[in-house]
Each structure stands twice: as C-alpha cells, then as structure tokens.
Amino acid sequence: MQLVNLPLFLGLFLLVLFITAYFGNKALRIPDIVIYILLGAGISLAGLLEDVKTIEVAGEIGLILLFFLLGMKYPLKEIAEKGKKVWKPGLLDLVLGVGVTAGISALFGQGLFNSLLIGGLVYATSSSITLKLLEHNKKLDRKESGYVLTLLIFEDMVAPVLITILIGLSGGEGLSILDFLLIFLKVALLVGLAVAISRFIQKKAYTLIEKFLHEDYLLVYILGIALAYGGFALLLDLSEVIGAFLAGLMFAGTNFKDKIQEAALPVRNLFLPFFFLNFGISLEFTSDIPAFGLLSAILVWSILNKLIVGYIGGQWYGLNKQESLETGLTLAPRGEFSVIIAGLASGTLQIFAGVYILAAALIGMLLCQLSSKIGNRVYRKGNS
C-alpha cells in the first residue's frame with residue numbers, strides 16, 4: 001500500500017515509540033532501550049514494515065552522535081593514561097571472549113569458521129547499550145565507568161579486526177600478515193589524523209569556530225564533523241563508532257565543548273531510539289531454536305566471561321572488589337558488533353545468532369541495571 005500521508009505516519013510512529021517507552025519505564029520500570037528492542041522484534045515478527053532503511057539511517061545518526069558526545073567527555077591525555085592500565089584486562093577479555101568461546105563451540109561440533117563467529121558474537125560488549133544505561137542510572141562519572149569506557153574502546157579497536165578476519169574466512173581465503181598490518185595502519189591513520197585536527201582546532205581554528213557558536217547552523221557543523229569522520233572510518237573498513245568517538249575527542253580539550261554538547265544532545269535523543277528499534281527489527285526468528293544446548297552454554301559463559309573480566313581485570317585497573325564485581329555485571333549486554341558479525345552467518349547459524357543476541361542483550365541489560373544492588377548485597381553480607 002502506498003503511503004499518502006507521510007506526516008501522519010511519522011507522527012503516529014513517534015507517538016507509539018513515546019507511549020511504549022513511557023509505559024515500560026514508568027509502569028514496568030524497564031529501560032526504554034529494552035522497550036525499543038522488543039518493539040523492533042515485534043515489528044519484525046509481525047512483518048509490519050517492508051522497508052526499514054529510513055529507521056536504519058536514523059539509528060546510525062543517533063549511534064554516531066552518542067559516541068561523538070562521549071568522546072567529548074574525555075580528553076586525549078586522559079584516554080592515553082587509562083589505556084596503559086587497560087591492556088592486560090583487554091587481552092584477558094579477548095582470550096576469554098573469542099578463544100574460550102570458540103573452544104566451547106568446537107566441543108559442540110562446530111567448525112573453525114562457525115566457532116570463531118560465535119566467539120565474535122560473545123566478545124564485544126554493546127557500547128551503545130552499556131553507555132546509555134550508565135547514563136540513565138547516572139553512573140558515567142563514577143570511577144568504574146572509566147574502566148568500562150577504556151575497555152569498550154579496546155574492544156571497539158579489536159572488533160573491526162575480528163570482523164575483517166571473519167570476512168576473509170567466510171570467503172574461503174586466508175589473511176596474510178600484510179592484511180593484518182594494513183588494518184593496524186588504518187587505525188593509526190584514523191587516530192593520528194584526529195590528534196592533528198584536535199591540535200589545529202585548539203591552536204588555529206578556535207577563533208573561527210567561536211564566531212558561529214551561537215548561530216543556528218552550529219548544529220549543521222557538528223553533524224557534518226561527526227558523520228564525516230564516522231564515514232571516513234567506514235571508508236577505511238573500520239567501525240563508524242571509532243570515527244565518531246575520535247571526532248568528539250577533537251573538541252574534548254576546548255572551552256566551548258559545553259556549547260557543542262548543548263546543541264547536539266537533543267538530536268542524539270531524537271535519533272538514538274531508532275538504533276535500538278532497528279536492532280530489534282534486524283533479528284530473525286523461527287519456531288525452532290537451533291543448537292539449544294550450545295546456545296544455553298554460550299549464554300551462561302558469556303555472563304561468566306564478563307564477570308571474570310570485570311572482577312579480575314577491574315582489580316588490575318585499580319578498582320576495589322565491589323567496584324570490580326559491579327563492572328563485570330555492567331559489561332554483560334551484547335549488541336551492535338554482535339549484529340554486524342551475525343550478518344556474516346547464514347542458515348541455522350544466523351537464527352542461532354539472532355536468538356543469542358536478543359537473549360544476551362536483555363539478560364545483560366537486567367544485570368547492568370541490578371549491578372549496584374547485587375554489589376551492595378554481596379559485600380554488605382561479606383562485611384557483616
């Protein structure tokens with residue numbers, strides 16, 4: 001059926017998003033993120049929308065602005081200092097998330113490609129879901145959030161490499177040392193260019209930018225920078241979230257970053273729900289769940305994996321035991337990188353991936369929400 005009243009359709013669609021988010025948040029005390037994912041899954045199951053390209057683009061804008069604003073919170077020097085403390089937890093995360101998961105999958109009879117792909121599904125915490133929940137619960141300024149952030153950045157750097165490897169294996173072709181070297185050179189180029197632009201902005205372009213800080217078209221400039229650098233990262237076959245984060249870092253050391261945040265935040269809040277909605281729509285389901293035993297084992301391991309990374313790695317980072325436990329629970333949600341990796345699967349493996357992602361996202365979000373309560377209960381009992 002041809003859509004003849006676009007304003008009415010868009011208005012009703014936004015009102016449905018509002019009503020479901022409001023009811024879920026106020027009546028059921030469920031984060032709006034969960035509501036949007038479930039609504040998207042319902043739309044997918046019911047086959048209500050044939051063309052979701054507009055939702056996908058809107059969600060992409062929201063995701064890029066989320067990481068752009070996040071990058072503005074942390075100056076480059078602070079990220080570098082934290083990076084020195086996170087490399088050991090980062091390697092532990094990689095070994096447990098990819099290596100051990102692939103080993104478990106192999107024990108269940110999966111081949112090399114399938115095992116590594118399942119390892120990729122389990123590896124990366126959902127940056128967008130985790131950070132949105134930290135913001136929702138007003139935890140972004142807490143000490144353990146610094147560990148979560150730097151670990152997520154580490155994962156965001158590793159995940160594109162893992163995706164590249166899986167793409168190479170899916171085509172039946174191996175990856176040479178030159179291929180790996182090329183990937184690392186691309187990352188170095190992206191970071192180096194961001195640092196150079198940041199210094200230019202702070203030393204040379206400050207006066208120019210200050211002239212339009214209070215103009216209506218400031219927002220056009222912000223969106224242009226965030227989207228262009230995210231797109232440049234995609235052009236290099238890396239993740240757009242890395243590019244958006246680095247674009248935000250360009251302005252982190254300026255004294256006008258508050259004005260930029262003030263202009264960009266409402267736009268992020270408008271578009272970000274569409275990312276989670278599209279995440280739910282992208283999931284595929286059937287009446288039968290393939291490899292149920294493997295799925296159950298992987299779900300349990302994916303929670304234990306992040307608990308270990310949070311608890312042991314957190315103490316390496318300098319957190320106390322309670323903060324480390326709460327961090328492990330906070331790292332449980334899976335999301336956007338898992339969706340990208342699931343796109344490399346086919347047949348029953350794709351169905352398996354869809355069920356895992358939804359279950360891991362929902363269980364992970366619940367654990368993230370309850371992390372403080374669980375930490376307080378465990379260590380209050382331990383100290384009594």
Side-chain angles (χ1 to χ4, degrees), residues 9-11 13-22 24-25 30-41 43-44 49 51-73 124-137 140 149 152-153 156 159 218-234 238-249 251 260-283 333-340 343 357 361 365 368:
F9 174 79
L10 291 175
F13 191 76
L14 289 172
L15 285 173
V16 168
L17 288 179
F18 163 73
I19 291 169
T20 52
Y22 181 84
N25 193 272
I30 300 174
D32 53 357
I33 296 172
V34 181
I35 298 298
Y36 294 138
I37 291 176
L38 290 176
L39 180 61
I43 290 172
S44 177
L49 291 176
D51 185 5
V52 295
K53 186 64 178 178
T54 301
I55 294 175
E56 182 182 343
V57 171
E60 189 80 358
I61 294 172
L63 182 67
I64 285 174
L65 285 177
L66 172 68
F67 279 87
F68 175 77
L69 290 171
L70 180 67
M72 291 183 66
K73 288 180 176 289
T125 294
S126 171
S127 302
S128 54
I129 293 175
T130 301
L131 293 172
K132 189 70 171 62
L133 286 173
L134 287 173
E135 182 182 56
H136 176 80
N137 294 321
L140 270 179
L149 172 66
L152 290 178
I153 294 170
D156 286 346
L218 170 65
L219 183 58
V220 179
Y221 170 74
I222 295 169
L223 286 171
I225 291 291
L227 292 173
Y229 214 71
F232 180 55
L234 284 176
L238 301 172
S239 168
E240 71 272 30
V241 300
I242 301 174
F245 183 87
L246 290 171
L249 278 177
F251 300 93
I260 294 178
Q261 289 173 336
E262 180 185 340
L265 189 60
V267 184
R268 186 210 69 176
N269 291 342
L270 173 63
F271 284 105
L272 190 58
F274 290 98
F275 171 77
F276 299 107
L277 185 69
N278 185 62
F279 176 62
I281 292 173
S282 69
L283 300 177
R334 305 308 200 273
E336 57 275 8
F337 274 119
S338 298
V339 173
I340 295 170
I357 291 168
M365 282 186 280
C368 187

Roughly how far, to the nearest 0.5 Å, is the CD1 atom of Ile19 from the CG atom of Leu14?
11.0 Å

So Met72 and Ile260, do their side chains get closer than 4.5 Å, heavy atoms only?
yes

For the student: nearest non-hydrogen atoms of Pro333 and Ile129, plus distance
CB-CG2, 3.9 Å

Quick one: does Leu134's side chain get under 4.5 Å of Leu149's, heavy atoms only?
no

All heavy atoms of Pro273 vs all of Tyr36, minimum pair found to be CB-CE1, 3.5 Å

Quick check: closest heavy atoms across Leu63 and Leu272, and the distance to 0.1 Å?
N-CD1, 3.8 Å

List the atom of Ala263, the atom of Leu218, and the distance in Å for their closest heavy-atom pair.
CB-CD2, 4.1 Å

Heavy atoms, side chains only, cut-off 4.5 Å: are Ile281 and Glu56 in contact?
no

Apply side chain to side chain contact (heavy atoms under 4.5 Å, CB included) to Leu277 and Ile43, showing your working.
CA-CA 9 Å; Leu277 185 69; Ile43 290 172; 4.2 Å; yes

Distance in Å, Phe276 CZ paired with Ile37 CD1, rounded so as to fall on 0.5 Å steps:
6.5 Å

Euclidean distance, Glu60 CD relative to Phe271 CZ, rounded to 0.5 Å:
12.5 Å

Closest non-hydrogen atom pair, Ile64 against Ala226
CG2-O, 3.6 Å

Fit a plane to each ring of Phe13 and Phe274, take the angle between them on a 0 to 90° scale, and name the class: parallel (under 30°), tilted (30 to 60°) or perpendicular (over 60°).
parallel

Which heavy atom in Phe67 sits nearest to a heavy atom in Ser127, and how many Å separate them?
CZ-CB, 3.1 Å

Taking the side chain as every heavy atom from C-beta outward, state whether Phe232 and Leu227 have any pair of such atoms under 4.5 Å apart.
no

Rounded to the nearest 0.5 Å, how far apart are CD of Gln261 and CD1 of Ile222?
9.5 Å

Heavy-atom donor-acceptor pair, Ser338 side chain to Arg334 backbone, under 3.5 Å:
no

Atom CG in Leu69, atom CD in Glu135: separation rounded to 0.5 Å?
8.5 Å

Phe251 versus Phe68: any side-chain heavy-atom pair under 4.5 Å?
yes

If we ignore hydrogens and angles and just use 3.5 Å, is the side chain of Thr130 paired with the main-chain N or O of Ser126 as donor and acceptor?
yes

To the nearest 0.5 angstrom, please state how far the CG atom of Leu131 sits from the CG atom of Leu140.
6.5 Å

